[in-house]
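Following: one structure in structure tokens, then a few remarks.
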Amino acid sequence: MIRYFIKQNWYRYLIGILFLISVDALMLITPRIMGSIVDELRSGVQDIEYIGLLILAVIGVALGLFITRLFWRVFIMGSARRFEYYARKTLFQKLLDLPPTFYDKTRVGDLMARFTNDVNAVRMAMGPAIVMTIDSIFLISVTIIAMGSFTSWKLTWIAIIPLPLLAVVSTFFGRIIHKRFKRVQAAFSNLTDTVEESISGARLIKSYGIEGLRNDTLNEKSDNYVQENIKLIKVWGMFFPLIQMLSMLGSVLATFFGGQMVVLGQLTLGEYVTFTSYLGMLIWPMTAFGWVINMVQRGRASYKRLMEVLEEKNNIVVEDPVSLEDFNGHILLKNLTFTYPTGNRPVLRDIDFELNPGTKVAIVGTTGSGKSTLAKLIARLYPIEKGMLFIDGYDINRLPPEVIREKIAYVPQETFLFSETIRNNIRFGNMELTDSEVEKYASIASIHEDIISFPEGYDTLVGERGVTLSGGQKQRVAIARALIKQTPIIVLDDCLSAVDTETEKKILDSLKDSQGKHSIVVVSHRLKAVVDADMIYVMHEGRIVERGKHHDLIGNGGLYQRMYERQMIEEKLKED
Ligand SMILES: Nc1ncnc2c1ncn2[C@@H]1O[C@H](COP(=O)(O)OP(=O)(O)OP(=O)(O)O)[C@@H](O)[C@H]1O
């Protein structure tokens with residue numbers, strides 16, 4: 001990523017660096033002029049015009065510094081900001097590309113930290129660190145040469161004795177700082193995770209009255225973050241004074257030996273003033289040396305974390321792709337066994353399943369038996385080994401994800417609505433869809449009446465995660481969103497759990513009528529809603545234990561019959 005960015009922006013850096021070097025060169029002129037003024041003043045001012053000229057030169061240098069400083073900042077810091085923009089954009093595009101398996105194993109807080117802290121740390125290495133490196137190398141070497149040639153080499157060597165010590169100290173501290181900084185970042189990630197979860201789950205926390213408990217968790221994480229930061233501050237606290245002390249040591253040596261040389265007449269007072277000014281100019285680049293080490297180390301660590309995400313493989317690999325032009329909609333699962341990439345045991349075993357075009361197939365069963373997993377696999381949200389899942393006779397591994405998205409719409413168990421209008425949530429980026437189309441599919445999903453009863457109808461804004469809508473309303477909006485894609489196959493993954501049985505049945509019936517020859521796979525807990533399915537698969541502990549139509553299953557004394565009878569009794573009890 002950096003290589004590509006530098007390739008595109010190298011000239012900006014080059015121009016910036018040239019300006020920066022000009023600043024450093026200009027800075028060397030002022031002490032020399034000041035020295036000459038002091039000597040002129042000491043010798044009783046022979047030529048007042050000469051002094052005037054020197055003062056004009058100082059003003060000229062200051063003006064030059066103003067311009068060159070402005071430009072290096074624009075070019076170098078500007079490029080670093082461009083990098084920040086580019087890195088965030090690249091990272092975001094990658095995140096949109098990554099499969100669900102990535103999100104199963106990655107925490108939101110961790111990703112947010114990469115977006116904020118890590119991108120920032122790399123920006124610092126791409127901007128300020130470059131400036132400081134050039135300042136350190138150029139200013140230190142040129143200043144030392146200027147000190148030696150304009151004043152005294154002997155005094156220069158004496159005054160810069162503490163320099164190597166500075167390098168040792170900054171390298172040593174840089175390493176510790178880096179380690180502690182990593183711990184601070186981890187603590188920050190933990191903290192943001194907790195805040196995120198607490199805000200998302202605020203209603204749940206309130207309904208259980210566990211505010212105190214959440215508060216304690218947050219306090220613990222906050223405290224951990226503060227403690228880690230204090231540890232970091234302690235090292236910084238030692239590092240800076242030590243750097244300054246060593247720098248000051250140079251000044252003490254210069255005053256002691258330089259003063260003697262002035263007294264002995266080996267150095268003019270003006271030369272001594274020039275020398276101490278130069279020495280003062282060395283303190284910043286020397287200190288910057290330590291900063292640079294730290295910044296580059298932070299930048300490197302953060303860059304590694306960014307690259308970890310960018311190098312993450314999209315584990316859905318398409319070999320020998322087919323485009324499915326004449327799509328039929330036949331799905332076949334043969335002896336499928338599946339383990340989640342993050343799991344350690346199969347959650348589906350020996351699954352044989354078939355969906356014929358234009359039929360409605362239901363997946364029912366006990367909780368945790370693998371119904372949703374099966375639905376997700378049909379929608380190809382997880383990678384599957386070859387030879388297990390076929391669409392129109394083609395192995396699913398030969399179908400690119402975009403082809404599958406065109407053919408199969410999947411409505412997940414948990415609905416997510418964006419903070420947009422209901423209309424936009426239904427048409428979901430496809431702005432070509434007319435209002436009447438949006439309304440047609442909202443009607444099929446039995447949500448149209450609810451929407452028009454809102455004061456702003458389809459233009460009603462849905463709050464963060466749809467807080468203004470009820471659970472059942474959100475689910476129906478999500479179904480309308482899937483239906484509007486008009487895919488030949490629609491997979492409903494227990495996405496009607498928040499509506500009553502009658503409404504669920506009504507939606508499924510109108511869906512069947514409207515979809516015509518299209519196929520529906522529906523995962524449901526309510527058997528009554530799927531009694532008319534062309535085929536019902538009954539799952540238990542990762543296996544299909546029964547299959548058939550309702551009337552085949554209801555009389556065989558198996559799991560389906562037991563579940564159905566239990567649900568009927570529960571319903572009757574509710575009615576009574
Ligand atoms: N992303 C995941 N990573 C690892 N394991 C998972 C994942 N999602 C589900 N599982 C596991 O897979 C098993 C089946 O879960 P699944 O959600 O498919 O069951 P289900 O029949 O739909 O359950 P329910 O009726 O409760 O919704 C469970 O043991 C669950 O813990």
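Count residues from 1 along the sequence. Atoms within a ligand are numbered from 1 in the order they appear, just like the ligands themselves. Quick caveat: nothing in here was measured; it's all calculated off a predicted structure.
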Closest non-hydrogen protein atom to [atom], residue and atom name please, with distance?
atom: atom 9 (C) of ligand 1; result: Tyr340 CE1, 3.4 Å
atom: atom 25 (O) of ligand 1; result: Lys371 NZ, 2.7 Å
atom: atom 18 (O) of ligand 1; result: Thr373 OG1, 2.4 Å
atom: atom 17 (O) of ligand 1; result: Ser372 CB, 3.6 Å

**Prompt:** Could a heavy atom of Gln413 be found less than 4.0 Å from some atom of ligand 1?
**Reply:** yes
**Request:** State if Gly370 counts as touching ligand 1 under the rule of any non-hydrogen atom under 4.0 Å.
**Result:** yes
Show the atom names and distances, to 0.1 Å, of all donor-acceptor pairs under 3.5 Å that link a side chain in residues 218-227 to residues at least two apart or in another chain.
unit_1	atom_1	unit_2	atom_2	d
Ser222	OG	Leu218	O	3.3

**Asked** salt bridge (charged side-chain N to carboxylate O under 4.0 Å, His left out) with Lys386: which residues, sequence neighbours excluded?
**Response** Glu319
Record the part of [X] in heavy-atom contact with ligand 1 below 4.0 Å; permitted values are side chain, backbone, both and neither.
X: Met539; result: neither
X: Lys105; result: neither
X: Phe338; result: neither
X: His525; result: side chain

[X] neighbourhood, listing ligand 1 atoms whose heavy-atom distance to it stays under 4.0 Å:
X: Val347; result: 11 (C), 12 (O), 13 (C)
X: Arg345; result: 29 (O)
X: Tyr382; result: 1 (N)

Backbone or side-chain N or O of [X] under 3.5 Å from ligand 1 N or O:
X: Thr367; result: no
X: Gly368; result: yes
X: Asp494; result: no
X: Asp104; result: yes

Counting N and O atoms only, with roles assigned by atom type, does the side chain of [X] sit under 3.5 Å from a partner on the main chain of [Y], one being a donor and the other an acceptor?
X: Asp534; Y: Thr359; result: no
X: Asn328; Y: His330; result: no
X: Glu565; Y: Arg562; result: no
X: Ser470; Y: Gln473; result: yes

**Trace of the side chain to side chain donor-acceptor pair (under 3.5 Å) decision for Asn397 with Glu385** = CA-CA 8 Å; Asn397 290 295; Glu385 278 174 43; over 6 Å; no
**Item:** His448 side chain to Tyr441 side chain, donor-acceptor N/O pair below 3.5 angstrom
**Value:** no
**Asked** Without hydrogens or angle criteria, can the side chains of Asn424 and Arg427 be said to hold a donor-acceptor pair below 3.5 Å?
**Response** yes
**Message:** One thing to verify: whether Glu84 and Arg88 come together as a salt bridge, which I'm taking to mean a side-chain N less than 4.0 angstrom from a carboxylate O.
**Reply:** yes
**Request:** Report the C-alpha separation of Lys474 and Glu414 in whole Å, then their side-chain angles, then the decisive distance to 0.1 Å, and conclude whether the salt bridge (charged side-chain N to carboxylate O under 4.0 Å, His left out) test is met.
**Result:** CA-CA 10 Å; Lys474 281 195 279 179; Glu414 278 176 32; over 6 Å; no
**Prompt:** Less than 4.0 Å between atom 30 (C) of ligand 1 and some protein heavy atom, yes or no?
**Reply:** no
